[in-house]
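Reckoned from all heavy atoms, side chains included, excluding hydrogens, waters and symmetry mates. Throughout, protein chains are lettered first and strands after them, A, B, ... in sequence-line order, and every chain is numbered starting at 1.
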Amino acid sequence: MKKGISRRSALGGMAVAVTAPAVFGNDSAWAQSGSTIRFGGSLGMSGRYAETGLNIRQGYETAIKFINEQKGGVEIGGKKYRVELAIVDDASDPARATSLIQRQVDGDVSFFLGSYGSNIVLPCAGITEAAGKLTVQVGASADQIFQQGYRNIFGFFPRASRAWVTSIEFFKSIAPKPKSVSIIATNDAFSKANAQAAAAGCKGIGLEVLDLLELPEQVSDASSALATIRARTPDILITTTVDQNSLVIVRQMIATDTNVPLLYQFLGPQLPMYRESLGAKATGVIMQLPWEARIDFKDPIFGSTKAYIDYYNKNNTRALSYHTVGASSCITTYVEAMRTAGSLDPAKVRNALAATNITTAFGPVKFSPEGDGDAIVMGAKIGQVQSGQVQVVYPKDVKTADLIYPTPVWAKKG
Amino acid sequence: MNGTLLFQTLVDGLILGGIFSLSAVGFSLIFGVLGVVNLAHGVFILAGAYIGLWLKGALGLDPLAAIPVVFLVLAVIGGALQRTLVSAAVQRGSLMTSLLITFGASLILRDLLILAFGPDIQSLSSTWLLRTYHVGGVVIDGARATGLLASLVLLAMLAIALHAMKVGRAIRATAQQSFAAGLCGVDSNRIYTLTFGVSAGFAGASGIIIGMINPFSPFDDAYWTLNAFVTVVLGGVGSPVGALLGGLMLGEISTLSSQYIGPRFPNVFIFCALLLMLIVRPNGLLGNAYKASV
Amino acid sequence: MDAFNGRIPAGIWGLSAVLLAAAVMLPFMLSPFQIRLAQQILLFGGMAVAWQMLGGFTNYWSFGHTAFFGLGAFAAGLLAQQLDPSLSVAVKLAIGTVFAIGLALVAALAIAIPVLNLRGIYFAIAMLAFAEILAEITKTFDAFHGTSGFPLPALLVPGLTKVQLFYFLFLLLFLTNIAVFVWLRRSRIGMGLTCIGQDEDTAAMLGIPTERYKLVAFVLSAVLTAIGGVLYGYSLGFISTGSVFRIDISLNLILYTMLGGIGTVAGPIIGAALMIVLTQVVLGNLLDLHMMLTGAVLIAMVILAPKGLMGLARKAWDRRRGAAEGRP
Amino acid sequence: MTILSIEGLTRQFKGLRAIQDLSFAVESKSITSIVGPNGAGKSTLFNMISGYLKPTAGHILFEGREITGKAPHLVCGMGIARAFQIAKPFPELSVEKNVLVAATFGRLGPRDRQATTEHAIEVCHLAEWRHQPASALSIGNLRRLELARAIAARPTLLLADEPCAGLNETETREVIDVLSTIRKSGVTVLLVEHDIKVVRRVSDRVIVIEAGRKIADGTASQVFSEQAVIDAYLGTAGA
């Protein structure tokens, strides 16, 4: 009997704890209080892309901390504001994402920082767009996002179909001239869109696309794709896979002695963990560099790229990634647009954002008329792993080392 | 058809299958003996990999040498989970409620992994740097072949333990009884705890091997649980041989469909094979090691 | 009226009328976020009721109901792209719903014959596999656009905001599901299904057409779930395989049902309300650990109330009545 | 008039012949007992009649119609009800609901099911337990619940599978009463029973099978005086 009562009261307590905030929920806690600017939005903090989520989150937090602690806030239209972050985890579930974003829209958050994955971003954009709220994000780059006629959503990365402009120019510059290319992608939106863009670009400059191989979304074995590569070896092998899958593929290439003159891994080699795990074998792998630490840019908040890196490293133990810098620069870009507009009116800030032409710790920021990053100004540079370090090998004006081509076979490395 | 390519594909499937087998055997045992579908299985595997990672970082212990330690740690965690939560759920509700319990446990354990190790991709060792072997035109991936060997050794040890050791026989005896029936001489609750522990231990050990071959992150758990599901249904419930057979089938279906139909197709084929097998022989090729077919 | 079907007490009718009136008025009083929460409770709670049409009576627990949910969303969405663009969205939705119902009917009939012969956990796994197959098919074949996703036309009705509009659509489906469930439970089929849940062989021996009843329940459940998928797809406006073919949707339907109390009408709704409010309001602002806390609540509920909250309430009620009558 | 006729019925289980070329006919409104040692094939026979098992060869005709291999619920709907030796109630349903189900799905469908239920409960002396869940009943009550369900199905033929096994004197007498009542209401009873006293008391006719074959057929006093029956039955059963 006693047990029954305690169980019941435990449950009762639980029920009250659970429902009370729903009924008496204080959504005005979200409200834009007089002297605070709130940045809302969601990130996928749990799920396959949680690592990216954490990198982006740290970027946001770094910028917020710096602005409040080092600058004492920001001055807009003659008034000083503190900045605040209100990010939630969308768990990559659209039902959850839309309702949490709605909560922030209801709570008068006007400035959103975006998630990634078009199945999350688009339904959320529908809500923010309808409410006249703004989004600046450093994750999603699917073409569809920028083809809806939305006026209020901006992205740092050029849309997928334009993300290969620099890379294609780079392929043209290689001597001796490569003749063929094969592409390995995985069956997810990001990888597929980029593989198609890469294939189209390569065809455009006369490179023969031998194979476009699509693996399942989570790769545990690429042996059959690699058997195809060995049977019909291209001059360049491109993988448009995410970090974890890239590492599976490259390791299996080494283990099965699958050699190509040039291995281009869109994502992966940027990670220190990737390079450490491969050691000398990593030498020669090409990647896209959305950001490069050694190229210094002026930043209206942090001062410069170098100053940003110093500040970040002083306050964090986690290695700096391009997503982190990009995320910080999203906030920089927002703040600059607010200053230019001299107002927190979303419509005015929107126009300032559309006209943005600044440099940040991340690099130059300029949006296309549809809102994605300008493919030339914000396009990625090309890097290559050399002696465990990432060197910029293209474009020529910013390069830090010469390209190694063709790269030695695996057995000759280390 | 190109003979070398076919042979290469078969070898690749075999090697992949060996890893699937080991990763599924714990799931199979729990399912066969307790009738519980353990949705925390994938997290057990990853926990094994992460503990291996920690031992390597903190003590410089080689991952393969860490297997016994990982086995023990996971066995304790698994046993404790059974003793406290799973048994309570089965007693108060039904076998079905145990699904909710193991699902809840998987959410908690996964967050604990993230707390301890972060959401980042990790990698256990550089054993993949092992040699590549060329046998008559067929390329053999040294690392994965090592994984297959280790899997076979561990599976054989389990098979021997189940048949030759007293505890093993007790486990099999318990499984053969109907769940509700009273037991004579064997403390069934103790055996359930033991089974859960041993199974979690094997999951952990397979985590080490998986971690040596592929990078891993805390969110891979669903993938491994699902694979274990498929392996068990294909091969047969409750026995190491069933898991081995199921894993090998899974590996072969995966590589053959990938090579000859298209690299994006294996998942469709795997699940179709699963459904077909369920319809034709619900207890897998070998049937349930302990019970007559349903 | 007999031992199976007592007359529905007037109190229940009264309560239902009050709740319905409240449900109709709510969207004009709540904030859009609160309406969205209510939307989800209606949609997923209602689908849990649909899930119960088979799983609530018997041990045929589908772990793959997201198959029909996704099927509905994809069928209606892909059809909308093929239809004459000049058609109004409401017409597209109507045609899409009919198409989805037809497709779900065919799919359910096709899959039912093999899987309904499987018992217990094997049925559960088979449904899981079925859902995965459909998910993989939509991702693997480009014709379905499952990987990159596709937009659905925006449904607008003058005088209502988008959240209000979909609230009412979900409410309509919710009421339909409840009506069908209550009818089913009170019909001979429900009686037969209850017996199948107790002992299928004996049920057949007593003359219950077990195969036919299971089939009817399964197909009803599948079709109503598919309609849920159609409406959900339209409410999102953009879907991909990852947004509608989700194992967690299948699991949540079971979870809501178990938490609230299996076999009851109110159970799944209470369960859905509890979990949705818990995960999106109470733990909604947590960036970390909310999954862990969800898991902990889940475990606590299963251990403390294995028959669900309704079961707990019934027990407390019985105890009180027992005490009042002086029984131990 | 013949209500059930079995013609050349054979059932094999992986080489083992459980029933071999068995033929007999059951007269309407009689109580016919099937006796034989354990493993003689009595349960297999019942399983085939009730549609649970398909025969390997042979025919089963009920009221002149072929029912060989029909699904159990169809067989039940035609008017054959079965009471199991090991009672198989729906454990969580009350006694009344258990009986009501049988009345609903039996030969005549849901018509008059409430009255039928009342009747069956009364005949089987279960009124006292009508609201109890079946899982709470004693063995004797369970056996009568089993019979009550069979009656409620309003069958023309009742297959009773050892209704008295494991019951004490009083309980046995109650079951015999019930069987007599059933028979008086015009239902044919096919009984499998071990207890020879019971068989002698209720049977109009006794069929003895051993190892799947019929070895004797006649009235109780005829059959039990045959040497073959005494050898086979008493010899192995040791009773």
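By the 4.5 Å heavy-atom criterion applied to side chains, B:H134 and B:V139 are counted as neighbours. The closest side-chain heavy-atom distance from B:T132 to A:W410 is not below 4.5 Å. Between B:S254 and B:I270 there is a side-chain heavy-atom pair separated by less than 4.5 Å.
By number of non-hydrogen pairs under 4.5 angstrom with chain A, the leading residue of B:N214, B:I210, B:L256 is B:N214. Chain B forms more heavy-atom pairs under 4.5 Å with one residue of A:Q218, A:R318, A:M45, A:R230 than with any other, namely A:Q218. Most heavy-atom pairs under 4.5 Å with chain B: of the set A:N187, A:D257, A:V219, A:T258, this distinction falls to A:D257. When the candidates B:I15, B:T9, B:D111, B:D220 are compared by the number of heavy-atom contacts under 4.5 Å with chain A, B:D220 comes out ahead.
Just one of A:I183, A:T228, A:V181 meets the side-chain contact (heavy atoms from CB on, under 4.5 Å) condition when paired with A:D211; it is A:T228. The only member of B:I208, B:I209, B:L148 that meets side-chain contact (heavy atoms from CB on, under 4.5 Å) when paired with B:L22 is B:I209.
Using a 4.5 Å cut-off between heavy atoms, B:P266 contacts chain A through its side chain alone, with no backbone atom that close. Heavy-atom distances place no part of A:I184 under 4.5 Å from chain B, backbone and side chain included.
The stretch residues 53-61 of chain A places A:L54 near chain B, each with some heavy atom under 4.5 Å from a heavy atom of that chain.
Between B:R144 and B:D141 there is a salt bridge, with a side-chain nitrogen of the basic residue lying less than 4.0 Å from a carboxylate oxygen of the acidic one.
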Item to complete: I would like to know whether A:F190 and A:Y49 meet ring-ring contact (aromatic ring centres under 6.0 Å, His included); could you show each step before the answer?
Response: CA-CA 12 Å; A:F190 168 83; A:Y49 305 113; 8.1 Å; no
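Judged by distance alone, the side chain of B:T102 and the main-chain N or O of B:N38 form no donor-acceptor pair under 3.5 Å.
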